[in-house]
There are 2 protein chains.
Amino acid sequence: MNALFKALNDPTRRAILELLREQPRTAGEIADYFQFSRPTISHHLDLLRQAELVTSDKQGQFVTYTLNMTVVDELLSWLLQFKPTNESKP
Amino acid sequence: MNALFKALNDPTRRAILELLREQPRTAGEIADYFQFSRPTISHHLDLLRQAELVTSDKQGQFVTYTLNMTVVDELLSWLLQFKPTNESKP
DNA sequence: AAGTTATTTAGATATTTGTCTAAATAACTA
DNA sequence: TAGTTATTTAGACAAATATCTAAATAACTT
């Protein structure tokens with residue numbers, strides 16, 4: 001849970017997640033969307049992987065990152081515990 | 001959104017939220033639940049207030065903190081954007 | 001008015017974090 | 001084999017963070 005909140009506490013990492021929402025991408029493709037160096041993006045991807053928000057798969061020289069949102073269910077239920085009744089869901 | 005993720009990225013602050021889930025409490029009552037100094041707890045409460053996760057109300061010498069989870073809806077919908085279909089809701 | 005209680009503010013400090021450049025791996029290409 | 005490309009690892013460093021003690025506010029009590 002700690003790793004999850006930590007991973008989400010950065011706008012670049014959240015943007016990476018939104019990017020991967022469309023489709024899996026290689027590390028290089030992801031890096032091209034940002035103005036940070038490749039090592040910086042690599043580090044962000046590492047933190048996302050530690051939080052199990054993404055999985056990585058090496059194919060040849062390329063490492064493809066894929067969104068893994070199963071862990072988000074945990075976060076969702078943690079949050080829903082604060083909603084008093086089920087008067088939500090717009 | 002940044003302040004929200006930042007506020008949630010700390011186990012003590014998350015514990016404070018869970019404590020306030022039961023009922024509003026004064027700063028002192030909250031501090032008694034933890035082994036950190038009162039200034040430290042006061043600082044955590046400040047960050048929670050900046051994220052609008054709690055509201056504070058001064059009554060005499062006491063400052064009562066109350067959970068404010070309206071802002072969580074924003075987070076919930078951000079998260080739900082990653083859930084492919086609406087196969088959730090336990 | 002003086003003392004006590006509740007809380008916050010102000011610095012100080014050690015740790016964590018995000019970023020960079022340089023170097024190391026690993027895989028492909030000619 | 002030598003060179004190029006994709007990615008990560010290793011340090012270094014400035015900025016942010018969590019914590020503390022001491023001091024400042026503010027409200028209550030005698």
Side-chain angles (χ1 to χ4, degrees), chain A residues 1-20 22-68 71 75 78, chain B residues 1-20 22-68 71 75 78:
Chain A
M1 201 75 161
N2 250 315
L4 181 54
F5 282 108
K6 176 176 171 175
L8 292 175
N9 187 30
D10 182 275
T12 302
R13 290 194 289 271
R14 294 197 297 272
I16 291 173
L17 292 178
E18 291 176 11
L19 191 58
L20 293 180
E22 301 163 19
Q23 60 187 283
R25 310 227 187 225
T26 68
E29 285 171 342
I30 295 166
D32 286 341
Y33 277 84
F34 301 94
Q35 292 176 334
F36 299 116
S37 69
R38 267 133 212 273
T40 292
I41 297 299
S42 185
H43 176 237
H44 284 312
L45 289 169
D46 186 40
L47 291 178
L48 288 170
R49 198 151 35 75
Q50 283 177 40
E52 297 181 73
L53 284 164
V54 302
T55 58
S56 64
D57 178 40
K58 182 156 190 170
Q59 296 151 353
Q61 331 164 254
F62 299 87
V63 178
T64 298
Y65 284 85
T66 306
L67 205 57
N68 172 26
V71 69
L75 177 52
W78 185 82
Chain B
M1 201 75 161
N2 250 313
L4 181 54
F5 281 109
K6 175 177 172 176
L8 292 174
N9 186 31
D10 182 276
T12 302
R13 289 195 289 271
R14 293 197 298 273
I16 290 173
L17 292 178
E18 292 177 8
L19 191 59
L20 292 180
E22 302 162 19
Q23 61 188 284
R25 310 228 187 225
T26 67
E29 284 172 344
I30 294 165
D32 286 341
Y33 277 84
F34 300 94
Q35 292 175 333
F36 299 115
S37 69
R38 264 130 215 276
T40 293
I41 298 299
S42 185
H43 176 239
H44 283 311
L45 289 169
D46 187 40
L47 291 179
L48 289 170
R49 197 150 37 75
Q50 280 178 41
E52 297 183 73
L53 284 165
V54 303
T55 58
S56 64
D57 177 40
K58 182 158 192 171
Q59 296 151 351
Q61 327 163 258
F62 298 87
V63 177
T64 297
Y65 284 85
T66 305
L67 204 59
N68 173 25
V71 69
L75 177 52
W78 185 82

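Note that the structure is a prediction, hence the values are computed from the model and not measured. Sequence lines set the chain letters: A, B, ... in the order given, protein chains first and strands last, and positions in each chain run from 1. Heavy atoms only: backbone and side chains are in, while hydrogens, waters and symmetry mates are out.
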Q) Per the side-chain contact (heavy atoms from CB on, under 4.5 Å) rule, which among A/Ile30, A/Leu19, A/Leu48 passes with A/Tyr65? A) A/Ile30
Only distances under 3.5 Å count here; give the side-chain donor-acceptor pairs of residues 2-9 of chain B to other protein atoms, sequence neighbours excluded, each with its distance to 0.1 Å.
| from | atom 1 | to | atom 2 | distance (Å) |
| --- | --- | --- | --- | --- |
| B/Asn2 | OD1 | A/Arg14 | NH2 | 3.4 |
| B/Asn9 | OD1 | A/Lys6 | N | 3.3 |

Q. Taking atom NZ of A/Lys58 and atom OG1 of A/Thr64, what is their separation to the nearest 0.5 Å?
A. 11.0 Å
Q. Do any of residues 24-37 of chain A sit with a heavy atom less than 4.0 Å from DNA chain D, and if so which?
A. A/Thr26, A/Ala27, A/Gly28
Q.
Need two values: the first and the last nucleotide of DNA chain C, 5' to 3', having an atom under 4.0 Å from any heavy-atom of chain B.
A. C/dT5 to C/dT9
Q: Take B/Tyr33 and B/Ile41, measure what side chain to side chain contact (heavy atoms under 4.5 Å, CB included) needs, and give me the verdict at the end.
A: CA-CA 10 Å; B/Tyr33 277 84; B/Ile41 298 299; over 6 Å; no
Q) Listed by chain and number, what are the salt bridge (Lys or Arg N to Asp or Glu O under 4.0 Å) partners of A/Arg25, not counting sequence neighbours? A) A/Glu22
**Q.** Residue pairs fulfilling salt bridge (Lys or Arg N to Asp or Glu O under 4.0 Å) with at least one residue in residues 27-37 of chain A, sequence neighbours excluded
**A.** A/Asp32-A/Arg38
**Q.** Contacts of type salt bridge (Lys or Arg N to Asp or Glu O under 4.0 Å), residue A/Asp57, not counting sequence neighbours
**A.** none
Check nucleotides 11-17 of chain D for protein N or O atoms closer than 3.5 Å to its own N or O atoms and list the pairs.
| from | atom 1 | to | atom 2 | distance (Å) |
| --- | --- | --- | --- | --- |
| D/dT17 | OP1 | B/Lys6 | NZ | 3.4 |
| D/dT17 | OP2 | B/Lys6 | NZ | 3.1 |

Q: Return the set of residues passing side-chain hydrogen bond (donor to acceptor under 3.5 Å, both in side chains) with A/Gln61 (not counting sequence neighbours), or none when no residue passes.
A: none
Q | Under the side-chain hydrogen bond (donor to acceptor under 3.5 Å, both in side chains) test, residues paired with B/Thr26 that sit two or more places apart | A | none
Q: Go through the steps for B/Leu47 and B/Leu53 under the test side chain to side chain contact (heavy atoms under 4.5 Å, CB included), then give the verdict.
A: CA-CA 9 Å; B/Leu47 291 179; B/Leu53 284 165; over 6 Å; no
Q | Of all pairs that satisfy salt bridge (Lys or Arg N to Asp or Glu O under 4.0 Å), the ones with a partner from residues 44-56 of chain A, not counting sequence neighbours | A | A/Asp46-A/Arg49
Q: State which residues pass side-chain hydrogen bond (donor to acceptor under 3.5 Å, both in side chains) with A/Ser37; sequence neighbours excluded, sorted by chain then number.
A: A/Thr40
Q: Return the residues of residues 50-67 of chain A meeting this criterion: a heavy atom under 4.0 Å from some atom of DNA chain C. Order them by number, or give none.
A: A/Lys58, A/Gly60, A/Gln61
